[in-house]
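Protein chains get the first letters and strands the later ones, always in sequence-line order, with residue 1 at the start of each. FYI, side chains are in, hydrogens and waters are out, and symmetry mates aren't considered; it's all heavy atoms of this structure. Note that the structure is a prediction, hence the values are computed from the model and not measured.
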There are 2 protein chains.
Amino acid sequence: MRNEDANPGAAPTLEQARTQIERYGLDADPQAVLVAVRLMATGARLVRASEVHFSRSGLSTGRYRLLVDLEDSGGEKSPSQLAKSLDVSRATVTGLVSGLEREGLVARRASAEDGRGAVVVLTARGARQLREMAADHFARLESLVDGLTADERGLFLDLLERITRRIGALTAE
Amino acid sequence: MRNEDANPGAAPTLEQARTQIERYGLDADPQAVLVAVRLMATGARLVRASEVHFSRSGLSTGRYRLLVDLEDSGGEKSPSQLAKSLDVSRATVTGLVSGLEREGLVARRASAEDGRGAVVVLTARGARQLREMAADHFARLESLVDGLTADERGLFLDLLERITRRIGALTAE
DNA sequence: CCCTAATAGTTAGCCTCCTAATCATTTTCG
DNA sequence: CGAAAATGATTAGGAGGCTAACTATTAGGG
């Protein structure tokens with residue numbers, strides 16, 4: 001049985017990391033490489049699982065996040081601000097808002113102060129949608145880390161944060 | 001200054017988690033929720049950073065992973081096997097292979113044993129491409145976890161794995 | 001044996017996100 | 001003040017991934 005068959009789904013082993021490093025005579029630390037690769041694989045899986053989940057409510061991760069952000073901001077926000085806080089391009093926000101608007105979860109209004117600007121408003125229907133999804137959503141998130149104690153969660157959060165800080169450097173370089 | 005402006009880029013705070021939970025009178029643990037949300041945010045950022053990086057070599061994360069997988073398997077593999085080990089649909093593999101073939105990094109051959117089957121072969125050019133990228137690639141991965149000691153990396157790996165095991169349940173449900 | 005069911009690969013069409021270009025307003029400053 | 005630069009939003013077009021549908025071949029059961 002092949003290695004990959006026994007271990008499907010983007011979860012590489014330490015052996016694989018070691019082999020790859022040695023193939024080119026590099027001196028990288030296999031464990032360090034494994035951490036990075038596993039984190040990426042997990043991230044990708046999580047993103048996809050989330051997309052699958054939200055699509056069952058006719059939403060998507062992006063649309064849901066936009067709705068939540070809107071509610072956190074008291075129900076109104078400009079597309080630019082949304083792009084910034086969601087860490088997504090303005091063009092993407094335009095698309096997300098268009099979709100949400102089509103389903104009546106959000107509405108567009110012209111900005112009163114700035115002639116160029118627009119304001120995205122959470123509709124009653126959008127707020128209700130969020131309310132209906134809340135319990136299930138948070139239960140799902142909680143269940144992800146069910147297996148960890150409070151201490152372990154704190155620890156994980158700390159380690160994760162220290163890794164996250166390095167991501168910026170990767171793109172900038 | 002708004003909270004999101006001070007903390008851009010999909011890195012929610014404990015406060016935000018608490019607020020959202022309380023808004024609907026739920027009793028979820030804010031810390032647990034935070035861990036899950038941060039992990040997803042980090043994953044998404046990592047995936048995007050990776051895409052940016054590979055696009056500079058005319059590749060993508062998916063194409064690179066396919067190339068590596070091919071090399072790990074001795075340079076040949078069927079599209080179905082690739083789909084399985086990359087955890088991606090067969091249709092996606094078709095697309096990845098087409099792209100790689102166009103650039104001469106990979107070639108398609110008909111399977112000798114199975115009339116339906118095909119075999120994807122790593123070309124000399126594909127192997128060279130991998131060789132050229134290796135040092136930089138592994139250095140990048142290593143630098144991601146530079147800030148962690150070997151013990152911390154082991155710990156992180158363990159915690160991450162225990163979380164990853166739960167992802168399946170999320171989608172299945 | 002042959003007809004049905006399973007399997008391999010591809011195609012078509014959708015969604016998410018991106019960058020680059022465009023158009024309209026504001027702001028700045030010479 | 002008026003021209004140039006900056007800013008807000010949208011549009012156009014591309015890449016990655018997915019599912020569903022289609023074609024070709026192989027395997028199985030009556």
Whole-Å distance, B:L96 CG to C:dG9 C1', equals 14 Å
Assign A:A91 to base, sugar-phosphate, or nothing according to its heavy-atom contacts below 4.0 angstrom with the strands shown.
-> base
Residue A:R116, side-chain atoms from C-beta onward, closest of D:dG8, D:dT10, D:dG17 = D:dG8
Does the pair A:R162/A:D158 count as a salt bridge with the N-to-O cut at 4.0 Å?
-> yes
Determine whether the side chains of B:Q20 and A:D72 contain a donor N or O and an acceptor N or O closer than 3.5 Å.
-> yes
Taking only side-chain nitrogens and oxygens of B:S60, does any of them come within less than 4.0 Å of OP1 or OP2 of D:dG16?
-> yes
Integer-rounded Å distance: D:dC18 P and A:F54 CZ | 19 Å
A:L82 CG - D:dT10 P separation (whole Å) = 11 Å
To the nearest angstrom, how far is B:L66 atom CG from D:dG16 atom C1'?
-> 13 Å
Would you indicate what B:V93 reaches in the nucleic acid, counting non-hydrogen atoms under 4.0 angstrom: base, sugar-phosphate, or nothing?
-> nothing
Decide yes or no on side-chain hydrogen bond (donor to acceptor under 3.5 Å, both in side chains) for A:S98 and A:R108, but give the supporting numbers first.
-> CA-CA 9 Å; A:S98 297; A:R108 260 188 257 245; 2.7 Å; yes
May I have the distance from B:R63 (atom CZ) to D:dG14 (atom C1'), rounded to whole angstrom?
-> 12 Å
Ignoring backbone atoms, test whether A:R108 places a side-chain nitrogen or oxygen under 4.0 Å from the OP1 or OP2 oxygen of D:dA9.
-> no
Give the rounded distance in Å between these two atoms: CD of A:E51 and C1' of D:dT19.
-> 14 Å
Between B:S55 and B:G58, is there a donor-acceptor pair closer than 3.5 Å when you use the side chain of the first and the backbone of the second?
-> no
Between B:S80 and C:dT7, is there a side-chain N or O to OP1/OP2 distance below 4.0 Å?
-> no
Starting at atom CG of B:D114, determine the distance to atom C1' of C:dG9, rounded to an integer number of angstrom.
-> 11 Å
Distance below 4.0 Å between B:R48 side-chain N/O and C:dC18 OP1 or OP2 = yes
Short side-chain N/O contact from B:S89 to OP1 or OP2 of D:dG17, under 4.0 Å = no
Whole-Å distance, B:R90 CZ to D:dT23 C1', equals 12 Å
Under the 3.5 angstrom rule, does the side chain of B:R38 hit a backbone N or O of A:E161 as a donor-acceptor pair?
-> no
With heavy atoms under 4.0 Å as the rule, sort B:T94 into base, sugar-phosphate or nothing.
-> base
